[in-house]
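What follows is a short report on a single structure.
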Amino acid sequence: DGGITQSPKYLFRKEGQNVTLSCEQNLNHDAMYWYRQDPGQGLRLIYYSQIVNDFQKGDIAEGYSVSREKKESFPLTVTSAQKNPTAFYLCASSPGQGVNQPQHFGDGTRLSIL
Amino acid sequence: GNSVTQMEGPVTLSEEAFLTINCTYTATGYPSLFWYVQYPGEGLQLLLKATKADDKGSNKGFEATYRKETTSFHLEKGSVQVSDSAVYFCALSDWGYQLIWGAGTKLIIKP
């Protein structure tokens, strides 16, 4: 079945440590996204990528980095510069630009600080 | 710019009650509109969508009609179940890559 796989489901970060969240899709979608969700809050866009080797900052990109070397993969690194990383991180993909393009989501990664 | 406004939650109902979750939007042009559902600890799932004025999206007993004159896309269900307890997000898509999201409305259904 096609879908989006996020791993790990739970992740713990020590102070000063960078951690990388994995996102893989087999939907052949061009666009991919990373969102952050805090408890009881909506979604905030961190980064998005329209095509391979290209990505743009979203609303809250500071302290995060991404890469898009393959169409299927869009890993997110939470760097030590992100002082409040505890949140639920969601990866999504969509076929491409234009109206009538819903996004498909993975099951999320919950990141906590040790 | 484009925006989506949802009614604040939580919305608490008894089983078999009628549900309405309000969503209004501001947009230039002719966006598509979506409702997503998020069950506890999970990602978001597309519930329904509408791509033009007067379209009605429907799925799993939920319905929403794209009303351009009132810039609204309210979510309704005639008889809710405990299993409908979740957070519901309204969103719009214009010609860009991004979806514009509402803040989400938590729905609690009591037996």
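Everything numeric here is computed off the predicted structure, so don't read it as measured data. Side chains are part of it too, since the values below use all heavy atoms of this structure and drop only hydrogens, waters and symmetry mates. Note on naming: letters A, B, ... go to the chains in the order of the sequence lines (proteins, then strands), and numbering restarts at 1 for each one.
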Should we count [atom1] of [X] as having more than 12 external heavy atoms under 6.0 Å?
X	atom1	value
Glu15(B)	CD	yes
Glu69(A)	CD	no
Gln17(A)	CD	yes
Phe18(B)	CZ	yes
Glu16(B)	CD	no

Study note, to complete from the structure: Turns out that what part of Arg44(A) lies under 4.5 Å from chain B's heavy atoms comes down to neither
Review point. Is it the backbone or the side chain of Gln41(A) that comes under 4.5 Å from a heavy atom of chain B, or both, or neither?
Key: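 Just the backbone, heavy atoms under 4.5 Å.
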Practice item. List the atom of Phe88(A), the atom of Glu42(B), and the distance in Å for their closest heavy-atom pair. Key: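 Looking at all heavy atoms of both residues, the shortest contact is CE2-O, 3.5 Å.
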Review point. Side chains of Leu43(A) and Leu99(B): closer than 4.5 Å at any heavy-atom pair?
Key: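 No, too far: nothing below the 4.5 Å cut-off.
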Check your understanding: With a 4.5 Å limit on heavy-atom distance, are the side chains of Gln38(B) and Gln37(A) in contact?
Key ->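 Yes, side chains in contact.
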Practice item. Please confirm whether the backbone N or O of Pro102(A) pairs with a side-chain atom of Tyr36(B), one donor and one acceptor, at under 3.5 Å? Key: no
Practice item. Report whether Val87(B) and Ile21(B) are members of the same hydrophobic cluster (ILVMFWY, side-chain heavy atoms less than 4.5 Å apart, transitive linking). Key: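 Different hydrophobic clusters.
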Point to revise | Leu46(B) versus chain A, the contacting section by heavy-atom distance below 4.5 Å | key: side chain
